[in-house]
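Structure first, then comments.
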Amino acid sequence: MSTNFDIARAYWDAEITRDLDAIMAFYRDDATFVAPGWNLQGHDAIRGFYANASDLYPGLEVAIVHETTSGAESAFEWQSVLITSAGIRYPLRGINCMPVIGGKFAAVRSFYDTAELTFA
């Protein structure tokens with residue numbers, strides 16, 4: 001049986017490789033994704049977010065810094081680096097709250113400092 005940490009790690013591994021089908025396999029069909037400036041419902045909308053992110057930043061590094069889990073609810077502190085096609089690296093830190101039901105995310109609520117994204 002996979003733990004919430006195992007599921008989150010495998011999800012970020014899929015995101016690092018920019019494999020949209022693998023990323024979406026971690027989401028329930030009715031999942032939501034909420035982040036600063038984003039409030040998405042369902043696979044089509046969420047997939048569009050990841051497709052756009054992959055186009056803008058084809059490279060990605062992610063490290064899980066800390067995890068807190070209670071039943072289905074998990075929160076992961078992470079550090080990442082977004083990498084442009086020109087190789088420019090932009091560090092970003094945050095926390096994702098990711099309830100897992102039946103081995104898939106019911107929601108992802110991502111919190112990060114939007115001031116770190118002023119580079120676009």
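Numbering of residues begins at 1 and proceeds along the displayed sequence.
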From [atom1] ([X]) to [atom2] ([Y]), nearest 0.5 Å:
{"X": "Asp113", "Y": "Leu92", "atom1": "CG", "atom2": "CG", "value": "8.5 Å"}
{"X": "Lys104", "Y": "Tyr27", "atom1": "NZ", "atom2": "OH", "value": "12.5 Å"}
{"X": "Arg9", "Y": "Asn4", "atom1": "CZ", "atom2": "CG", "value": "14.5 Å"}

Taking side chain as C-beta onward, heavy atoms only, is [X] less than 4.5 Å from [Y]?
{"X": "Ile46", "Y": "Met24", "answer": "yes"}
{"X": "Ile23", "Y": "Tyr11", "answer": "yes"}
{"X": "Glu73", "Y": "Thr68", "answer": "no"}
{"X": "Glu15", "Y": "Val62", "answer": "no"}
{"X": "Ser74", "Y": "Phe5", "answer": "no"}
{"X": "Ile95", "Y": "Phe76", "answer": "no"}

If hydrophobic clusters are built from ILVMFWY residues whose side chains come within less than 4.5 Å, do [X] and [Y] share one?
{"X": "Phe111", "Y": "Phe33", "answer": "no"}
{"X": "Tyr90", "Y": "Val81", "answer": "no"}
{"X": "Ile64", "Y": "Leu60", "answer": "yes"}
{"X": "Met98", "Y": "Val34", "answer": "no"}
{"X": "Trp12", "Y": "Trp38", "answer": "yes"}

Working for side-chain contact (heavy atoms from CB on, under 4.5 Å), residues Thr84 and Tyr57: CA-CA 5 Å; Thr84 68; Tyr57 306 102; 4.0 Å; yes
How close do Gly94 and Tyr112 get, counting heavy atoms only, and between which atoms?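 Gly94 and Tyr112 have their closest heavy atoms at CA-CB, 4.2 Å.
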Arg47 bridged to Asp21 by N-O distance under 4.0 Å: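 Looking at Arg47 and Asp21, the cut-off is met.
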So does Arg109 have more than 12 non-hydrogen atoms from other groups sitting under 6.0 Å from CZ?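 Yes, CZ of Arg109 has more than 12 neighbouring heavy atoms, counting only those of other groups under 6.0 Å.
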Other residues, nucleotides, ligands: >12 heavy atoms within 6.0 Å of Asn52 CG: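 Yes, enclosed.
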